[in-house]
Amino acid sequence: MSKITRRKFLAGSAAGGAAMMMTPAKKAFAAGSFEGFPDGMGVLVDLTRCVGCRTCEAACNVEQKLPEPALPFDDTSVFDEMHHGQKRRTTDKAYTIVNRYEPKSADEPLYRKIQCNHCNEPACLTSCFVNAYKKTPEGAVIYNSKVCVGCRNCMIACPFHIPAYTYSSVLNPVIKKCIFCYDTRLKEGRPPACVESCPQQVMTFGKRKDLMVIAHERIKKNPGKYVDHVYGEKEVGGTGWFYLSNVPFEEAGFDVNLPKKPIIDNVKDFLAIVPMVLTIWPALFTGFHLLATKGKSHGHGDDNSHDKQEGH
Ligand code: SF4
Ligand code: SF4
Ligand code: SF4
């Protein structure tokens with residue numbers, strides 16, 4: 001598949017029907033290598049600079065008009081929270097969270113901000129059978145919640161466990177995740193709220209390709225400071241947000257066993273790893289969803305809408 005065709009596919013998010021068959025576009029997505037949009041933006045995250053102040057979480061909360069959290073953003077007891085043996089994850093009410101790690105190879109704790117990494121070849125997008133997702137030329141992975149049927153395929157597919165759901169409506173749960181501040185900032189070339197708010201300049205916003213050069217230069221110019229790896233340069237086909245660290249990435253909670261190629265090269269791969277009940281469920285759910293929303297405008301032509309407020 002040519003890059004042009006692949007880009008067209010990534011950019012296209014015409015709302016699909018309930019068909020579970022692999023579309024020609026998704027078949028085509030399986031071949032070749034997409035390096036990301038040439039001028040796509042990204043964020044370089046330097047973990048050595050983060051002090052765990054959670055200002056970025058607060059900024060996201062305001063920018064995305066999310067509900068107030070149970071504990072204020074200056075409460076550091078959240079770093080001790082464990083949920084089913086796991087550290088905090090992003091939720092439908094918190095599109096970014098900061099976690100604390102105790103790396104073996106450092107005396108100091110390490111803080112890490114987590115949000116969608118805006119993959120070059122997003123598994124969420126590939127796994128979504130109603131094409132709710134879109135990778136924009138600016139670099140964001142956004143979604144149209146009016147199309148989402150809440151099947152959770154993307155939640156299972158995402159290698160970073162990012163998509164979350166809101167269940168405020170029984171028949172209409174929809175995806176919620178970081179959208180790179182697409183509507184309010186990225187579209188106009190402005191940095192995301194979390195990036196701008198950080199008092200430590202942990203995050204650098206710019207063209208992904210330029211930031212990658214900066215990342216490697218920073219490693220070279222500071223011998224001994226960083227591990228010689230940019231996490232996200234190659235992982236799962238490359239991510240829009242990528243990381244520098246002073247400790248091995250596994251000590252900062254990163255999955256270092258992810259493949260260098262996209263996590264789901266094609267829909268057939270995805271169906272092979274998902275239990276059958278989950279492959280049938282979306283089709284059933286779509287039926288319910290269509291009945292429940294019959295007569296409502298679905299805005300199928302509105303590719304750019306991710307409709308952040310729906311479901312709140
Ligand atoms: S991090 Fe997950 S939700 Fe974000 S673009 Fe990648 S696959 Fe999709
Ligand atoms: S890019 Fe925007 S939506 Fe994503 S975590 Fe930052 S502030 Fe939140
Ligand atoms: S605002 Fe910056 S320093 Fe504070 S927690 Fe977020 S990334 Fe870390």
Side-chain angles (χ1 to χ4, degrees), residues 10 36 40-66 73-74 76 78-79 89-100 109-128 132-136 138-143 148 152-165 175-187 190-205 232 235-243 254-255 258 262-264 270 306 308:
L10 283 164
M41 305 302 278
V43 172
L44 165 60
V45 185
D46 189 332
L47 298 177
T48 67
R49 297 179 179 180
C50 181
V51 294
C53 66
R54 302 182 65 209
T55 306
C56 51
E57 287 189 49
C60 178
N61 176 275
V62 172
E63 183 77 13
Q64 298 301 327
K65 301 183 173 59
L66 296 169
F73 286 109
D74 59 2
T76 54
V78 294
F79 296 135
R89 285 186 179 174
T90 52
T91 71
D92 61 321
K93 298 179 182 67
Y95 298 168
T96 185
I97 50 116
V98 179
N99 278 339
R100 184 183 62 208
L110 177 141
Y111 295 93
R112 175 183 152 210
K113 179 184 181 297
I114 295 167
Q115 74 297 303
C116 172
N117 285 321
H118 300 279
C119 305
N120 289 347
E121 301 199 41
C124 55
L125 182 155
T126 318
S127 69
C128 178
Y133 284 90
K134 174 184 174 183
K135 174 81 175 172
T136 77
E138 297 92 342
V141 176
I142 60 171
Y143 55 93
C148 172
R152 296 189 292 170
N153 274 0
C154 57
M155 200 170 92
I156 298 159
C158 172
F160 304 108
H161 313 291
I162 295 300
Y165 284 82
I175 181 184
K176 298 281 173 184
K177 76 163 191 74
C178 157
I179 40 97
F180 211 148
C181 289
Y182 181 74
D183 290 353
T184 51
R185 288 166 169 265
L186 184 67
K187 217 163 52 173
R190 294 171 59 216
C194 56
V195 171
E196 205 169 65
S197 73
C198 174
Q200 296 293 114
Q201 283 87 47
V202 167
M203 296 160 278
T204 312
F205 170 72
E235 280 79 4
V236 297
T239 53
W241 290 50
F242 45 88
Y243 302 83
F254 286 85
D255 184 347
L258 291 178
I263 199 85
I264 304 171
F270 178 68
H306 61 274
K308 295 190 293 296

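First listed ligand is number 1; within each ligand, the first listed atom is number 1.
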For this session: Just let me know how V195 lines up against ligand 2, side chain, backbone, both or neither, with a heavy-atom cut-off below 4.0 Å.
Result: neither
For this session: For I179, counting its heavy atoms only, list the atoms of ligand 2 lying under 4.0 Å from any of them.
Result: 3 (S)
Problem set entry | Residue and atom names of protein N/O/S atoms that fall under 2.8 Å from atom 8 (Fe) of ligand 1 | C124 SG
For this session: Return the set of protein N, O or S atoms whose distance to atom 2 (Fe) of ligand 3 is under 2.8 Å, each given as residue and atom.
Result: C198 SG
Exercise. In terms of atom number and element, which parts of ligand 2 are under 4.0 angstrom from non-hydrogen atoms of C181?
Worked result: 1 (S), 2 (Fe), 3 (S), 7 (S)
Problem set entry | Close approach of E63 to ligand 2, heavy atoms, under 4.0 angstrom | no
Problem set entry | Gap between atom OH of Y95 and atom CD1 of I162 - 0.5 Å precision | 12.5 Å
Problem set entry | Sub-4.0 Å atoms of ligand 2 with respect to non-hydrogen atoms of Q64 | 2 (Fe), 3 (S)
Exercise. Is there side-chain contact between C56 and V98, with at least one heavy-atom pair below 4.5 Å?
Worked result: yes
Exercise. Given side chains that start at C-beta, do those of P192 and W241 come closer than 4.5 Å, heavy atoms only?
Worked result: yes
Problem set entry | Approximate separation, where rounding is to 0.5 Å, of Y143 OH and C154 SG | 10.0 Å
Exercise. To the nearest 0.5 Å, how far apart are CG in L66 and CD in E57?
Worked result: 11.0 Å
Problem set entry | Considering all heavy atoms, the nearest T90-I114 contact | CG2-O, 3.8 Å
Problem set entry | For ligand 3, the portion of E57 having any non-hydrogen atom under 4.0 Å away | neither
For this session: For atom 8 (Fe) of ligand 2, decide whether C60 has an N, O or S atom at a distance under 2.8 Å.
Result: yes
Seminar exercise, completed: Short version for P192: what comes under 4.0 Å of ligand 2, heavy atoms counted, is side chain
Exercise. With the threshold set at 4.0 Å, does a side-chain nitrogen-carboxylate oxygen contact exist between E63 and R185?
Worked result: yes
Problem set entry | For V236, the option from P159, C158, P262, P122 that meets side-chain contact (heavy atoms from CB on, under 4.5 Å) | P159
Seminar exercise, completed: dist T48:OG1 -> L110:CG (nearest 0.5 Å) comes out at 8.5 Å
Exercise. Which ligand 3 atoms does R54 reach within 4.0 Å, using its non-hydrogen atoms?
Worked result: 4 (Fe), 5 (S)
Problem set entry | Side chain to side chain, I142 and Y133, heavy atoms closer than 4.5 Å | no
Exercise. For Q64, which of D183, T96, I179 qualifies under side-chain contact (heavy atoms from CB on, under 4.5 Å)?
Worked result: I179
Exercise. How many angstroms lie between atom NE2 of H161 and atom CD1 of I156, to the nearest 0.5 angstrom?
Worked result: 12.0 Å
Problem set entry | Proximal atoms of ligand 2 relative to T96 (non-hydrogen, under 4.0 Å) | 5 (S)
Problem set entry | For atom 4 (Fe) of ligand 2, closest protein heavy-atom neighbour | C178 SG, 2.4 Å
Exercise. Relative to the heavy atoms of F180, which atoms of ligand 2 are at a distance of less than 4.0 Å?
Worked result: 1 (S), 4 (Fe)
Seminar exercise, completed: In terms of heavy-atom contacts, C194 and M203 come closest through O-CE, 3.5 Å
Problem set entry | Pairwise distance SG(C60) to CD1(I97) - rounded to 0.5 angstrom | 11.5 Å
Exercise. Looking at Y111, does the NZ or CZ of R54 lie under 6.0 angstrom from its six-membered ring centre and within 45 degrees of the ring axis?
Worked result: no
